[in-house]
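Below: the structure, in structure tokens.
Order of the sequence lines fixes the chain letters, A, B, ..., with proteins taken first and strands second; residue numbering starts at 1 for each chain. Treat the numbers as computed from the prediction; the structure is a model and nothing was measured.
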Amino acid sequence: MTGSGRKLEYGFVLAVMALALSLSATGQTVVAPPAAPATRSIAKAEIPPVPSMFGESTERSIKVDPSINLSLCVSEGTLKVNGWTRNELRVFVQDGSNFEFKTQQTSPKTGDPVWVMVTAVSDRNKVVPRSECIRGGDIEIDIPVNAAVNVKGQDVTSTIDGVRKASVKIIGGNTFIRNVTDGVTVSGGQGGIAVESSSGAMSLDSTTGNIVVFEAGPSDIGDIFRAKTNGGAISLEKITHRQIEVNSISGSVSYSGSLLNGGSYSFGTSNGSIRLTLPTDTSSTVSASYGFGAFRSEIPITTITENISEGPVKSTVGRIGGGDSTLRLTTNNGSISIRKP
Amino acid sequence: MKQDCLDIGIIQAFLDGELAHTESARVSGHVATCDACALMLADAEDESALVFPALEREFASLVPTQRLWSKINASIETEKQSAPFWQRAWAFITLNLTTPSFVAAAGMIVVFGIAALLIIDRGYKSPQVAGVRPVQVSAPQPAAPPVASASSPDTVVSNIPETRPIMAEQISLRSAVRRPRTTTVTGTPAFASPDVSNGYFPGEESYVKTIASLSRSVESAKDAVMRPGERVAYERDMAVVDDAIAKMRTEVKRNPRNESAKQVLYSSYQNKIDLLNSVSQKEELVASLK
């Protein structure tokens with residue numbers, strides 16, 4: 001080979017290398033085929049599992065009725081349910097059990113599923129699940145905004161956001177509910193419960209966890225708000241239900257918001273204090289029973305009857321403003337205070 | 001009243017929402033044109049309005065259906081196991097009385113039995129009337145010894161000596177079997193000192209009975225379903241509630257007109273029921289997850 005020929009060859013090789021370098025710098029490649037999206041493509045067919053040391057990852061989706069009712073049982077893991085505007089249910093389980101959709105009922109009009117259960121099935125290693133409950137490091141569910149979600153489980157940290165109705169029944173783990181429009185029922189076991197910007201009838205129940213609610217109201221006239229915990233504290237702010245029943249056994253109760261005319265409000269605890277922050281224009285008839293504590297109010301109360309003699313229980317009945325709502329406060333061993341905002 | 005006026009039963013069914021849609025439409029159409037039926041409907045509505053608020057407390061205090069059924073089934077099972085032989089035999093006989101072949105066979109046995117008795121009896125004269133022959137019968141031992149113990153001040157103890165001779169016809173076995181069951185309810189150790197001798201305060205008894213019933217099931221289950229931390233919290237809360245019940249009960253006894261103490265007493269009872277319910281609900285949930 002001649003010297004000019006060698007030069008040409010080197011030049012060609014250098015040019016190819018320079019071209020490859022420049023292309024890789026711009027994020028493209030001409031050699032490798034386009035990378036498949038991780039495991040998130042929406043398809044009814046099962047996505048090949050992603051190898052993991054904890055379990056496999058699976059994603060499935062199905063076309064559903066907008067008013068779908070979803071039921072699932074989660075033995076452990078983190079569950080996130082998110083409402084979206086598509087008539088499609090998508091479930092993604094990362095590092096967890098394989099699962100399937102069981103259509104329990106279809107819509108007579110559209111034929112789309114209106115009641116679907118998500119249940120665990122054997123994985124590729126033919127490991128038969130111990131129950132129908134799925135488990136996973138992360139379980140993500142996208143579901144129509146008009147859906148009702150029913151979750152039961154063991155140790156689950158669940159977040160439900162932007163659906164019509166939510167019902168959670170778990171043994172342990174915290175529950176966060178947000179933007180639910182037509183009712184929330186949570187039996188939280190040992191876990192705490194937090195509800196935010198939601199409406200409808202509410203029933204929140206925990207054994208040792210705290211209950212925190214911020215901005216909740218009725219979706220229909222007569223919707224009741226109930227919160228009960230045995231050993232935790234209850235904190236409520238900006239609740240617009242006209243009937244509120246709150247009870248704790250050995251925790252404190254705090255409420256900040258208005259008392260609506262004609263409303264009925266009951267706050268009780270056996271061993272804790274009750275703190276209310278009410279606007280100065282509140283109109284309510286107050287009935288307070290308390291034991292080894294004191295009853296104080298920054299808002300003027302016109303006393304109707306009072307029994308503060310020696311004994312395990314004292315009582316005061318009085319009126320704030322016109323007395324248009326009913327406020328019942330009960331504590332055996334704690335103080336009651338009403339403050340201005 | 002016209003010939004085609006509605007029956008009061010149909011009106012009541014209409015009020016209760018038990019009629020089919022078409023029937024319901026027919027009734028409402030008829031009532032719109034018939035004064036007599038409209039009057040009857042108004043009367044029935046008034047009666048319902050009077051009765052339902054009175055029963056509202058009873059309706060509201062119902063236990064959730066699933067748990068109720070499980071308790072009923074458990075009680076039936078327990079009763080079946082604890083029933084004496086003669087009771088089971090009687091139940092078997094009454095159940096099979098509807099079967100013609102069984103009745104025929106039983107009839108034949110009775111006829112043969114009477115004939116045999118007559119033949120035997122012809123041989124000698126009985127010294128006594130069979131029906132009043134003294135029989136030595138021991139009063140049945142209490143089915144639940146721990147609660148029937150005389151050491152418990154709350155226990156109702158039978159006055160009948162255990163070995164007293166009793167005429168066979170004078171014994172009501174049914175009542176003898178029932179006796180310890182009464183003590184089981186009133187003497188449940190889990191409940192904070194119900195004072196049977198002084199009676200209950202108005203409305204208190206239903207709470208006490210519900211608590212006693214729940215306590216029995218929860219006591220055996222709580223170790224299995226609760227984790228140690230939760231168990232500690234449960235015992236603490238139970239102590240708080242029991243303390244409140246005891247204090248308020250003393251106060252109400254001292255001053256029966258203290259409405260606040262009564263209110264706290266009943267809410268404490270309700271707290272105790274809720275606390276016990278939380279354990280049984282958890283038991284149900286754990287079972288459903290398996």
Side-chain angles (χ1 to χ4, degrees), chain A residues 73-76 130-133 152-156 169-172 187-191 205-209 228-232 245 247-251 266 268-272 287-292 305-317 328-334, chain B residues 60 64 66 222 224-255 257-290:
Chain A
C73 171
V74 181
S75 58
E76 58 183 300
R130 281 179 293 178
S131 70
E132 290 194 331
C133 300
K152 70 174 180 178
Q154 203 154 352
D155 287 311
V156 192
K169 204 172 188 182
I170 56 171
I171 292 172
S187 180
Q190 283 183 281
D205 195 333
S206 174
T207 54
T208 55
K228 182 169 177 56
T229 173
N230 295 335
E245 295 170 11
N247 195 52
S248 174
I249 290 176
S250 55
S266 172
T269 173
S270 286
N271 193 18
S287 169
S289 300
Y290 51 102
F292 301 99
T305 60
E306 192 171 45
N307 176 15
I308 51 171
S309 59
E310 284 299 312
V313 62
K314 305 175 187 74
S315 64
T316 300
V317 178
R328 196 165 64 241
L329 309 166
T330 309
T331 174
N332 296 336
N333 196 9
Chain B
Q66 190 185 349
K222 65 182 180 185
V225 298
M226 283 197 284
R227 296 166 189 168
E230 202 179 1
R231 178 76 192 275
V232 168
Y234 170 83
E235 298 294 352
R236 179 200 62 204
D237 294 335
M238 190 57 84
V240 167
V241 171
D242 280 341
D243 180 56
I245 289 173
K247 278 178 186 162
M248 292 307 140
R249 210 167 186 286
T250 310
E251 176 62 17
V252 175
K253 204 187 251 183
R254 192 178 67 82
N255 179 10
R257 290 193 297 175
N258 190 337
E259 292 301 322
S260 298
K262 275 186 200 171
Q263 187 189 325
V264 176
L265 174 66
Y266 293 144
S267 68
S268 299
Y269 274 130
Q270 190 57 52
N271 280 342
K272 185 158 181 169
I273 289 171
D274 291 345
L275 200 53
L276 292 165
N277 260 334
S278 68
V279 179
S280 52
Q281 279 168 5
K282 187 173 179 186
E283 190 187 359
E284 281 173 17
L285 183 58
V286 169
S288 75
L289 290 173
K290 282 176 183 169

**Request:** State, yes or no, whether a side-chain contact exists between A:Lys314 and B:Ser260 at a heavy-atom distance under 4.5 Å.
**Result:**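 They are not in side-chain contact.
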
**Prompt:** Do B:Arg236 and A:Asn230 have side-chain heavy atoms sitting under 4.5 Å apart?
**Reply:**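 Side-chain contact under 4.5 Å: no.
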
Which heavy atom of [X] sits nearest a heavy atom of [Y], and at what distance?
| X | Y | answer |
| --- | --- | --- |
| A:Pro312 | B:Met248 | O-CE, 3.8 Å |
| A:Ile170 | B:Leu285 | C-CD2, 3.7 Å |
| A:Gly231 | B:Asp237 | N-OD2, 3.7 Å |

What distance do [X] atom [atom1] and [Y] atom [atom2] have between them, rounded to the nearest 0.5 Å?
| X | Y | atom1 | atom2 | result |
| --- | --- | --- | --- | --- |
| A:Ile249 | B:Asp274 | CD1 | CG | 7.0 Å |
| B:Lys262 | A:Ser289 | NZ | OG | 13.0 Å |
| B:Leu265 | A:Asn332 | CG | CG | 10.0 Å |

Where does [X] contact chain A at under 4.5 Å (heavy atoms): side chain, backbone, both or neither?
| X | answer |
| --- | --- |
| B:Ser288 | both |
| B:Lys247 | both |
| B:Asn258 | side chain |
| B:Gln263 | side chain |

What part of [X] gets within 4.5 angstrom of chain B, counting heavy atoms only: side chain, backbone, both, or neither?
| X | result |
| --- | --- |
| A:Asn247 | side chain |
| A:Thr208 | side chain |
| A:Asn333 | neither |

**Message:** Quick one, B:Asn271 with A:Lys228, criterion side chain to side chain contact (heavy atoms under 4.5 Å, CB included). Give me CA distance, side-chain angles, the key distance, then yes/no.
**Reply:** CA-CA 10 Å; B:Asn271 280 342; A:Lys228 182 169 177 56; 3.4 Å; yes

I need the residue from [options] with the largest number of non-hydrogen atom pairs under 4.5 Å to chain B.
| options | answer |
| --- | --- |
| A:Asn307, A:Thr330, A:Thr207 | A:Thr207 |
| A:Cys73, A:Ala288, A:Gly153, A:Ser287 | A:Gly153 |
| A:Asp155, A:Thr331, A:Asp205 | A:Asp155 |

**Message:** Tell me whether A:Lys169 at atom NZ has more than 12 heavy atoms from other residues, nucleotides or ligands lying less than 6.0 Å away.
**Reply:**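 Atom NZ in A:Lys169 is not packed in, count stays at 12 or less.
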
